[in-house]
Amino acid sequence: MINGNRLGDILSKAGLITEPQLQEALKEMDQRGTRLGRALVCLGFISEEGLANALSQQLGIELADVDIANPSEELLKLIPVSLAKKRAILPLERRNGHIVVAMADPLNLAVVDEISSRLSTPVLVAVAAEDRIEKAIERLYGAAKIPVADLSATVAPAVSRMIESVIRQGVKERASDIHFEPEEDFIRIRHRIDGVMLSAETHPKAVAGSMISRLKIMAGMDIAETRAPQDGGFRLKMDSNDVEFRVSSFPTIHGESVVLRILAHSDTPLGLAETGLDGLALAGFREAIESSWGLVVVTGPTGSGKTTTLYAAISALASPGKTIVSIEDPVERRLAFVRQTQVNLKAGLTFSKGLRSVLRQDPDIIMVGEIRDPETAETAAQAALTGHLVLSTMHTVDSASAVVRLLDLGVEPYKIASTLKLALAQRLVRKLCQSCKERTDGAGWNGPGCPSCKGAGYKGRTGIFEIIGSGEGIKELIMGRRPAHAIRDHAVNALGLETLRDDGYRKAEAGITSHQEVDRVTRNLR
């Protein structure tokens with residue numbers, strides 16, 4: 001109820017609807033979760049024009065004559081045509097420090113707030129019939145000849161250049177992610193560098209909406225949709241490399257937050273030794289992936305470098321003489337001699353369904369981005385059992401837990417014991433800055449910080465690893481469905497397993513990283 005009147009009462013008193021029509025519309029409103037006015041129009045009880053007049057009376061707001069409206073091109077540029085059509089809104093004029101906007105549904109306060117936030121100017125709402133607004137949008141935006149993709153950028157001519165500068169700076173500083181985080185009075189930009197979040201810069205709230213819209217346009221996302229998360233991506237040419245970005249938006253109380261994941265600076269993956277694999281771990285991993293069949297699993301939490309290791313392995317194996325097929329989520333690098341495809345949930349292409357289809361492509365080697373469900377686990381084990389080399393990842397804390405996870409997903413013990421060539425667990429640790437690292441009093445090193453590492457003492461990251469293969473006694477433990485700690489203890493005590501922490505400390509003593517960094521990354525491990 002606004003101004004002491006209800007919409008139903010106004011329409012009834014004006015003789016525009018009957019009481020039975022009102023009751024039917026109220027039922028329709030409850031069933032469909034729509035507004036009363038929209039229900040009345042959908043049922044044919046009132047016209048768009050009649051509804052607009054009623055809303056004008058109910059709310060005590062201006063009834064806009066959009067048929068003769070002639071807003072400036074500058075005003076039209078403030079609201080993209082896609083948003084104008086989706087929300088049935090039209091900017092009309094500037095008046096006393098406000099922007100007057102015609103709306104078909106002025107009771108939708110969320111849209112009013114969205115427009116006000118986007119314009120960074122108070123909004124004065126008028127009402128008009130939805131069909132008239134639609135015709136006015138076609139007439140006015142078409143006459144202005146404003147390209148849809150340029151609308152958000154024209155709000156501030158420097159926004160496109162600003163965004164490109166921010167992105168290039170993030171890539172230059174080796175960021176893995178660039179975060180655009182709106183706050184009440186500004187938008188903050190942060191970089192994740194070597195796994196640590198660092199503040200980069202801030203910009204006024206007035207340009208926040210334009211920056212976010214520009215990023216969404218670049219990523220092929222719907223700029224009119226601001227209340228639901230979206231995903232997209234794009235590629236930029238930087239120096240001699242194509243850099244690929246995965247983009248994610250998420251609504252917050254201060255506007256949309258956008259994160260850019262920098263997927264690849266080039267299409268050339270690291271070599272196996274460049275991942276940090278060395279010694280017995282490298283030798284064991286090479287032996288496993290050079291098998292003609294079997295299952296090789298790389299494990300660790302999100303952001304531990306699992307996919308990088310898989311790409312290094314596939315790159316080492318790829319040749320014109322082998323058929324290699326991958327199913328990934330997403331494809332992060334393009335690989336020569338590899339037929340790559342990407343999970344597409346909307347099209348029904350999951351890891352499990354993709355894997356079954358891949359088996360009909362006569363592959364020698366299959367890379368599955370992740371084993372996360374019983375069907376994928378069973379199909380991967382069966383493929384390995386029938387003569388294919390299958391490489392995949394899992395989210396487990398260590399190598400022994402990967403074995404138990406396969407059991408938990410329903411794979412029979414005999415299949416795991418027969419097919420599992422190796423489980424490789426890994427983490428990423430920061431490397432000491434080579435410009436300022438120095439020995440400590442003990443057997444380790446540290447980095448006091450210098451201009452090269454911006455005072456961090458670290459620059460770049462490398463992997464630390466542990467491997468459990470199908471060595472003596474492991475198969476028996478698998479067949480007996482023994483827990484992860486039993487498998488791990490046997491690997492350590494009987495097979496001399498070098499754990500993640502052992503590998504990390506060895507690299508700390510060699511001056512690659514520090515003991516403090518290894519402790520930070522492995523503190524929750526045995």
Side-chain angles (χ1 to χ4, degrees), residues 158-183 186-204 207-208 210-212 214-216 218-219 232-250 257-270 274-276 302-305 307-308 311 330 332-333 427-438 445-463 511-514 516-517 520-521:
V159 166
S160 294
R161 294 191 297 274
M162 183 190 305
I163 290 293
E164 184 171 341
S165 174
V166 168
I167 292 173
R168 288 186 179 278
Q169 185 64 28
V171 172
K172 181 181 177 182
E173 295 188 2
R174 304 175 298 102
S176 60
D177 303 85
I178 304 174
H179 291 239
F180 294 79
E181 304 168 336
E183 296 291 348
F186 59 91
I187 183 168
R188 177 193 299 111
I189 298 170
R190 293 197 294 167
H191 298 158
R192 185 178 293 280
I193 299 175
D194 296 335
V196 178
M197 291 295 294
L198 301 172
S199 294
E201 54 191 273
T202 61
H203 293 277
V207 301
S210 300
M211 293 178 74
I212 297 303
R214 179 59 184 166
L215 288 167
K216 291 172 70 175
M218 293 170 69
F234 61 89
R235 300 184 77 164
L236 285 181
K237 189 78 172 179
M238 295 190 177
D239 299 325
S240 60
N241 295 324
D242 276 341
V243 182
E244 189 163 358
F245 301 85
R246 187 169 64 202
V247 184
S248 170
S249 71
F250 188 79
S257 170
V258 171
V259 176
L260 275 61
R261 166 64 56 89
I262 304 174
L263 295 180
H265 292 232
S266 74
D267 285 341
T268 304
L270 297 177
E274 293 175 287
T275 65
T302 300
S304 59
T307 302
T308 298
Y311 275 136
E332 297 188 9
R333 292 180 186 270
R427 297 290 191 277
L428 291 176
V429 294
R430 291 179 294 171
K431 294 195 294 185
L432 287 167
C433 173
Q434 296 302 301
S435 298
C436 67
K437 73 173 185 179
E438 58 186 24
W445 300 70
N446 67 9
C450 68
S452 178
C453 60
K454 295 189 173 181
Y458 299 92
K459 192 172 183 180
R461 288 192 291 177
T462 191
I512 298 171
T513 187
S514 69
Q516 293 90 338
E517 177 67 3
R520 180 183 71 86
V521 171

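Note that this is a predicted model, so its numbers are computed, not measured. Values reported hereafter were calculated over all heavy atoms of this structure, with side chains retained and with hydrogens, waters and symmetry mates removed.
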Who pairs with [X] by side-chain contact (heavy atoms from CB on, under 4.5 Å), at least two apart in sequence or on another chain?
X: Glu438; result: Asn446, Pro448
X: Leu236; result: Ile167, Met218, Phe234, Met238, Phe245
X: Gln434; result: Lys437
X: Glu183; result: Phe186, Arg188, His254

Residues two or more places apart in sequence or in another chain: which of them pass side chain to side chain donor-acceptor pair (under 3.5 Å) with [X]?
X: Gln169; result: Glu173
X: Arg261; result: Asp177
X: His203; result: Glu201

Nearest-0.5 Å distance that lies between atom [atom1] in [X] and atom [atom2] in [Y]:
X: Thr308; Y: Leu428; atom1: OG1; atom2: CG; value: 7.5 Å
X: Leu263; Y: Ser176; atom1: CG; atom2: OG; value: 10.5 Å
X: Asp194; Y: Lys431; atom1: CG; atom2: NZ; value: 9.0 Å
X: Ile163; Y: Ser210; atom1: CD1; atom2: OG; value: 9.5 Å
X: His191; Y: Leu198; atom1: NE2; atom2: CG; value: 9.0 Å

By salt bridge (Lys or Arg N to Asp or Glu O under 4.0 Å), which residues pair with [X], not counting sequence neighbours?
X: Glu164; value: Arg168
X: Arg430; value: Glu517
X: Arg192; value: none

Enumerate, atom names and distances included, each donor-acceptor pair closer than 3.5 Å involving a side-chain atom of residues 455-463, sequence neighbours excluded.
unit_1	atom_1	unit_2	atom_2	d
Tyr458	OH	Ser514	OG	2.6
Lys459	NZ	Ser452	O	3.4
Lys459	NZ	Ser452	OG	3.2

*Does a side-chain heavy-atom distance below 4.5 Å link Tyr311 with Leu270?*
no
*Is Ser257 close to His179 at the side-chain level, that is, under 4.5 Å between some pair of heavy atoms?*
no
*For the pair Ile193 and Lys454, evaluate side-chain contact (heavy atoms from CB on, under 4.5 Å) and give the outcome as yes or no after the intermediate values.*
CA-CA 11 Å; Ile193 299 175; Lys454 295 189 173 181; over 6 Å; no
*Which heavy atom of Ile187 sits nearest a heavy atom of Ala208, and at what distance?*
CB-CB, 4.0 Å
*Ile262/Ile178 under side-chain contact (heavy atoms from CB on, under 4.5 Å): CA gap, chis, key distance, verdict*: CA-CA 8 Å; Ile262 304 174; Ile178 304 174; 4.1 Å; yes
